[in-house]
Amino acid sequence: MSKDAFVDAGLYLPQTGRIVAIEQCTVNEKFFRLELTRPLQHRPGQFVMVTVPGMGECAISITCGPREDNILEMVIRRVGNITAVLHGLEVGDTLGIRGPYGAGFDLEEFYQRDVLIVAGGLGLVPLRSLLLPMIAAHQRFGAITIITGARSPAETLFRHELADWREKENVRIIELVDSTDHYQWDGEVGMVTAPIGSLVLDKNRTMVVLCGPPVMYKFVLLELEAHHQIPATQIFVDLERRMRCGVGKCGHCQINQAYCCQDGPVFRYSDIQNYPEGLA
Amino acid sequence: MGSYLATEEQVSTWLHLLAKERDLFWPRSVGQFNYSFLPLGERDEICFDRYLPTIVPPGRRLLPDDETLFTSQQGDDRLSHYLPPQPSAPMVLAGVRPCDLKGITQLDTVMAAAPADPYYHQRRVNTVIIAMNCLAPCDSRCFCSAVGALGAQDGADVFLTLLAEGVLVESLSARGDEILVKASFSLCEDGKERRLVAEGTRPLPFGRELAVVPEALPEMLRKGYESPVYHRYGERCYSCGTCNLVCPTCYCFEVRDEMSLDGFSGRRSRTWDSCMIPAFAEVAGPHNFRAEVGERQRHRLKRKFEYLPERFGLGSFCVGCGRCGRQCTANIDILNMVNDIAVEVGGGS
Amino acid sequence: MKPKVAFFDFASCEGCQLALLNCEDDLLAILAQVELVEFREAISEQAGRYDIAFIEGSIHREQDIERLYDIRSRSKVLVALGACACNGNVQARSNFVAPAENYKAVYGEEDRNRVQVDGEYWPLWTHTRVRAVHEVVKVDYQLRGCPMQPTEFLHLLKSLLTGREPSFPANAVCVECKKNENECVYDRGLACFGPIAFGGCDAICINSGHLCDGCRGLLPYANVKAHRQLLKEMGIDITSVQNRYRLHLSNEPDAGEVRR
Amino acid sequence: MSDSKSYKIRLEHITRVEGHGSIRIDTHQGKVEEVRLEIVEANRFFENFVKGMQPHEVVQTISRICGICCVGHQLAGLKAVEAAMGITVSDQTMRLRKMLNESQFLQSHSLHLYFLTLPDFFGAASILPLAQREPELVKRALALKKLANDYTAVLGGRALHPVANTVNGWRKLPDLGKVEEIYTRLLQSVPEMEAMLELIKTLKVPEYERETEYVSLKHPDEYALYDGEVCGSDIDTTVPVGDYRQVSNEFTVAHSTSKWSRWHRDSYMVGALARVNNNFQQLHPKAQEAAAELGLKSPCFNPYHNNTAQMVEIVHCTHNSLAMLADLLNDGLVEEEATYQPVAGRGCGAIEVPRGILFHEYGFDANGRCLDANAIIPTSQNINNIEQDMKAFVPLMLPVMSQDELALKMEMLLRAYDPCISCSVHMLDVKFV
Ligand SMILES: Cc1cc2nc3c(=O)[nH]c(=O)nc-3n(C[C@H](O)[C@H](O)[C@H](O)COP(=O)(O)OP(=O)(O)OC[C@H]3O[C@@H](n4cnc5c(N)ncnc54)[C@H](O)[C@@H]3O)c2cc1C
Ligand code: SF4
Ligand code: SF4
Ligand code: SF4
C-alpha cells in the first residue's frame, strides 16, 4: 500500500450543522435547513451522511441546489430509528454532517436538451437539487417536463414551488396522486406511468431522470421504451440502498458491480441496465 | 534486499526479538485442529511446520472488529465534538501464507481506493509482514493455485521458504532490511534460485482445481446468473455469515453507535458484517434486495469472482484459502459451487 | 422526571436480576437515571404505573396470568427479561410431560392425587402450560439469554431513556464465535446450535470450551430443517437430538416436531 | 387496635424457595393464633423434566434451579452424577471445584450481607438510599462483589451458570494469567474486606435465642464446604451423604409449594451459622479471629447471627482461596481429558452452598439417560425452622413490640436466613389484613 496516497484522516468525522429551520411537509416528512461550518460545494444528486450524536447515522439526499453559502437543505421521512430522532429535533439543535458523497448529475450535460423528470414519492427530494438550478437557468434548456406522483394529496411535496416553476414558459408540470380523498385536489389521478405515453418527446434530444420507490423504475422504463425509445445513455436513475459509510467501504450498497454510494446514487441507465439487481 | 539462510532456531530467536519491540502475530494452534494468529509470547514456541490457514485471516487485524470510528463528547457549548481514535501501535504479521498475503493486497486496494480509509491506512503502514511460502497444499480444501494466489509475494517485507538446508529468508523491501538488521543470518547469494528449485518440487496440480480458467469466470457467472445451483446450496445454508467472517477479502462492516448512560458522550464503531445475513441489504419500505438465501450465496460468490475483480482489476478476490468451506457447518464449499455452475452453464472442461 | 422502572419475577432462577446486580460498574449510574420502584413485587402491587416493567420468568399458573395482565395494563413498556420470559427456557420441557407425572415425580403419589383432585385446597399448585411472557401479553422488547446479557440490558435501557429504538441484530451465534476465533465445535464432531441460535451473547459458552445450546432462542430465519438433517448425518440419535432441542427451545414454534 | 394486640400481619412474597413466599401472622387478644410461612412459587418440576437427559445435560439444566446458587447446584449435580458413573475426578479438578465453590460463597455472601442486610441495620429501605448516604461504603461493597463474580467467571467461564466445568473435569481450563490477576486483586481486597468487617462489628444484632439442630457437612481435614459427611448437632456421629433422605425427611404442607424438612427434632437449620457451629475449629485462623472480634461464639443459638457467620465465612473463603490460588499458580495446570463412559447407576452428591447443605441424587440407565432425580435445597430445609423461630419469637415479643417493629424484626429474621436475593433487596410489603 502506497505510503503517500492522499488520506483524509477525518473521513469518518462529521462537521457540525445547526438547524435553522424546520417545516412539516407531510405527516411523515419534515424539511430541515441547516447552517454548516463550511460550504458543502455539492453537485445536484449528491447526498450527505447525517449523524445524530450518540445515536447513529443515515444517508440523506441534498435537496437544495448547489450554492455558495453554508446552507444545507434536506427532507427526511420518518421510517425508523434515526429518522425518528431527527423528527424530534428543534431549531437550534445540531447534527453531524459528512459529505457530500456520490457521483451526482453533471448539469451541463442537460444544457440545450429537453428534460423529462419522473419523481415518485420521496423521489422529488433528491431531484429538487437538480431542478432548482435548472429552473433558475431555464432558458438554457429545452422543454422541461416534470411528472410527480404521490399516494394521496396529503403526501405531496413542494407544491408551492411546483406552482412557481409552472409559470416558466418551457416548464410543464404534471402532478398525480394514486387516488384522492380530497375535493380540492387540482392535479391528476393515476400512476406516474400514465401520462408518459401521450408525451411528445424527441428521443434524440430528451434527457430523462427517474427517482422513486424500487417498483417504479421498471414500469416507467417499460412505458418509455414502448413509446419513445430514448437511448439508455440519456436516462438517469437515482437509486437507494442500505448504506453505512457512504464512501465505498462498508459494502452494503453494492449493486452487482457498482457501489451505489460512489458510482451512484445517480446512475446512467446504460451503465446499469445489465445489472440484474439494479432495478430489482 | 538480500537473501539469507538460517536455521529455524535462528529465525525463531529473531522473531522473539522483534516481538519484544511490538506485537508480533504468528499462527498458533487453538483447539484440536485449528490455528489462529496470536501475539507471540516470550515462552511460545514457533511452529514452522505446516499449519492450516487460521480460523480468521491475518488481514482482519488491519480492520479489527468493533473499531472505533470516533468518540463524541458534548461540550459546555452543547455541541458535540468528534474525536478520532488513538492511532494503533505498530505490529508484525508473521507466518502469513501467500493466499493471505494476496488477501491483504486486495484489501489494500479496496481501502486505498479514493477516498482512502484512514484507519486501515494507518494500521497498514505500521504493519510489517513476514510471509511464509507454501510448497505443498495445506489440506483438501485449499485451491490457491487455481485462483493465482500461490505465487504471491507482493505486500510482504520478508519472505520465508522452508528449504531442506534451512530457512531461506528473503528481504523484499526497505522495511524488510530494517527488521533484518537485528538478525545474524548468513548471506545467501543464490536465494532466488534456491527458492525456485524448492518451488519446482510442488506437486501438480497443487490443490484443487477450477473447472474454468479464472479469466473466464466472470463471463461464465454472468451466463449462469439464474443458476439453480445457488439455491440448491442455499437450502443447506444457515445464513450464519461464517463464510464471510473468515474470508481474507471480506471487509464489509456494520456501523454502531453507543452512548453513555448520561447521554453526554458516545462512540461510533464498525463491526464485521456479512452479506449472508438477511438484514444486510434491507432498506426502509421494508424492502430486501437479497431476501432469498440463494441470492445471497450468488452475491457472495460473484463478489469474489466477478464483481470485485472487475471493479478493481486485480484478479480473483477469492484467494483460494479454503476457509469458507472449512469453517462452514453446512459444508458449503465455494469452489464446488463454482464448479457446479460451470458444469451447468457448460463452461466446464 | 426519571422513568419508573420495575422488575417482576415469575418462575425463574432469578439469575437475570442477579446478572443485573452483577453490572457493578454501571449499577450506580443506572440508579442515577431511573427510579427503581420495584425490584420484586414487594411494594403493594395495586399502586404505581411503570414506564418500564421487566418481567423475569415463565408463566405457569392461572394466578400468574392474572398478575401479568395486571402488570401489563400498568406498564408503558414491557420487557421480557431472560430466556424464561422469552421462550419458557428449560422448564418448558415439562409441557411434554403429563401433569400427573410431574406432581408424582416431585411430590410423590399421595400429593399428586390431592393436587389433581382438590384444586381448591391446593390453589398454589395448579399448573397450566409453561408459557413465555409474549404468549400471554404483548411484549415490547426481549432480552434473551440464560441469563440475559448485561450489555444488552444497558443498551436497551440507554435506548429507552433516549427515545431510540434498541437494536438487537438477528445474527447467528456463529458471528460472535468467529469474532472470538473459536474452533468450531463441529470440527470436534460435536453438534452446536450456534448456526440457528440468536446471537448477542458474545458466544460466551463456546469461548469457555462448551457449545451453544441455543438458550437465546432461534433466529427468525433459522434453518431448522437443515440443522436437524445435519445432526442426523452426524449420527446423533433422534432422542439426543430431541433432548438438545428441548433443553432451551421446547417452546420455540419451529424447534420441535408437531406439538400438542 | 394495636393495644388489644389483635392483628394479622401479612408479609407478601418474601422468600424464595425457588421464588416467592409470604409470612402470615394472626394474633388475637395478645395471643398468637397462627404464624405461617407460605411458599407460593410456581412449580418448575426440575426433578421430572431432567429425565431422559444425559449426565452433562442434567448438570447444565439443574443449575437453572437457582441463579445465585448455580455453582452449588452444578457441583452437587456433578458429584452425584460422577458417583453414579463411578468416576473419581482428578486432584486438579477437585481443587478447581473447591475454588469455584468458594468464589460462589464470596459472591453470595457479599451480596447478601453488604447489599441486602446492611440497609436493615442502617434503617434504609434498600441499598438505593444507602448509595446516596454512604457512597463510599456502597462502592467498596460493589467492588468486593465484582471481584467475587470475576473469580467465578475466570474459573467457570461465566459468572452465572458456568459452563467450563463439566462431568469429570474442565472443558476449558482457566487462563492462568487471569487466575493470577484474581489472586492479586483478592490479595489487595483484604483490607477492604477488613473494613467491611469493622462495619459489621458495629451492627446491633437483635437478641433472641432458640436452640435447634444444626446440620452441615463435616470433613476430618478441612472446613467442610465441598466435601464431607452429614453432621447434625443432635448426634455425635456423621451420616454418609447417601443416607440424606433420613436427614431431610421431606414432607409437604398445603400452604407451601416447597417441601419441608425435619431430622431429630421439629426442625433444623442449615447455612453459615450451622457450619460455623459444627466446624468452628476448622475455620481459617483469620476467620476464627474475625469470629472472636464479631462476638460470635460457637455454638450460637441466635439465628440473626447467621449474618455474622456469613462475615466469618467471607474471611475464611478469602484467605483459603488465596492459599488455593497461590498453590494453583505454583503448580500450573495440566490438560486433562474430561470424558466419561455412560453406565447405569445411581449416585448422590452433597455440597455446602452459601445457604446450607444441598443434596442431589440421580439414577441413570445403561445409555446414561436420567431415570429419576431428586434435589433437596437448603432453603426448603430451613423453612420449617424459620416458621418454628417465628412461632417462638412472636409470642415472646408481642407484649414488648409495636406492630411495625415486630414486622420489621420478622423480616430481618427471615432475611438472616438469606432465603434468596430479591426478596431482601427490597423492603417487604407489610400488610395488615
Ligand atoms: C443515497 C440515499 C439517499 C437518501 N435520501 C433520503 C432522503 O432524502 N430522505 C429520507 O428520508 N431518506 C433518505 N434515504 C433513506 C434513509 O437513509 C433511510 O430511511 C434511513 O437510513 C433509515 O434510518 P433509520 O435509522 O431511521 O431507520 P432504521 O431504524 O435503521 O431502519 C428502518 C428501516 O430502514 C432500513 N434502512 C436502514 N438503512 C437504510 C438506508 N441507508 N436506506 C434505506 N433504508 C435503510 C432498515 O433496514 C429498516 O427496514 C436515503 C438513502 C440513501 C441510500
Ligand atoms: S458459513 Fe455456510 S451456512 Fe454459514 S452463511 Fe456461509 S455458506 Fe451459509
Ligand atoms: S472465498 Fe473462501 S476460499 Fe476464497 S478467499 Fe474467501 S474464504 Fe478463502
Ligand atoms: S462453534 Fe457453534 S457457534 Fe461457533 S462457529 Fe461453530 S457452529 Fe457456530
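Only this structure's heavy atoms are used, side chains among them; waters, hydrogens and symmetry mates stay out. A note on names: the letters A, B, ... follow the listed sequences, proteins ahead of strands, and every chain is numbered from 1.
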ask   = Is the NZ or CZ atom of A:Arg241 both under 6.0 Å from the centre of the six-membered ring of B:Phe289 and within 45° of that ring's axis?
value = yes
Applying ring-ring contact (aromatic ring centres under 6.0 Å, His included) to B:Phe253 and not counting sequence neighbours gives none
If one checks every heavy atom of A:Gln262 against chain B at 4.5 Å, the contacting part turns out to be side chain
Applying a strict 4.5 Å limit to non-hydrogen atoms, the region of A:Thr51 in contact with chain B is both
Quick check: closest heavy atoms across [X] and [Y], and the distance to 0.1 Å?
| X | Y | value |
| --- | --- | --- |
| B:Pro118 | A:Val7 | CA-CG1, 3.5 Å |
| B:Tyr82 | A:Pro53 | OH-CG, 3.5 Å |
| B:Asp117 | A:Leu11 | CA-CD2, 4.4 Å |

Among residues 245-256 of chain A, residues within the sub-4.5 Å heavy-atom range of chain B, in order of number, are A:Cys245, A:Val247, A:Lys249, A:Cys250, A:Gly251, A:His252, A:Gln254, A:Asn256
Those residues of residues 15-43 of chain A that come under 4.5 Å of chain B on a heavy-atom basis, listed by number, are A:Thr16, A:Arg18
Cut-off 4.5 Å, heavy atoms of chain A, and the answer for B:Arg267 is neither
If one checks every heavy atom of B:Gln122 against chain A at 4.5 Å, the contacting part turns out to be neither
Highest number of heavy-atom pairs under 4.5 Å with chain A among B:Tyr251, B:Phe264, B:Tyr225 belongs to B:Tyr225
What I'd like to find out is whether the side chain of A:Glu277 reaches to under 4.5 Å of the side chain of B:Arg290, using heavy atoms alone. yes
Checklist entry - Is there side-chain contact between B:His287 and A:Val215, with heavy atoms separated by less than 4.5 Å? => result no
Any chance you could lay out the side chain to side chain contact (heavy atoms under 4.5 Å, CB included) test for A:Leu13 and B:His81, step after step, and finish with the verdict?
CA-CA 9 Å; A:Leu13 305 184; B:His81 300 270; over 6 Å; no
For B:Pro64, the side-chain contact (heavy atoms from CB on, under 4.5 Å) test, sequence neighbours excluded, returns B:Glu67, B:Arg123
One should read off an interatomic distance between B:Phe312 CZ and A:Gln257 CD, to the nearest 0.5 angstrom, of 12.0 Å
Checking A:Arg242 side chain against B:Ala281 main chain: does a donor-acceptor pair fall under 3.5 Å? no
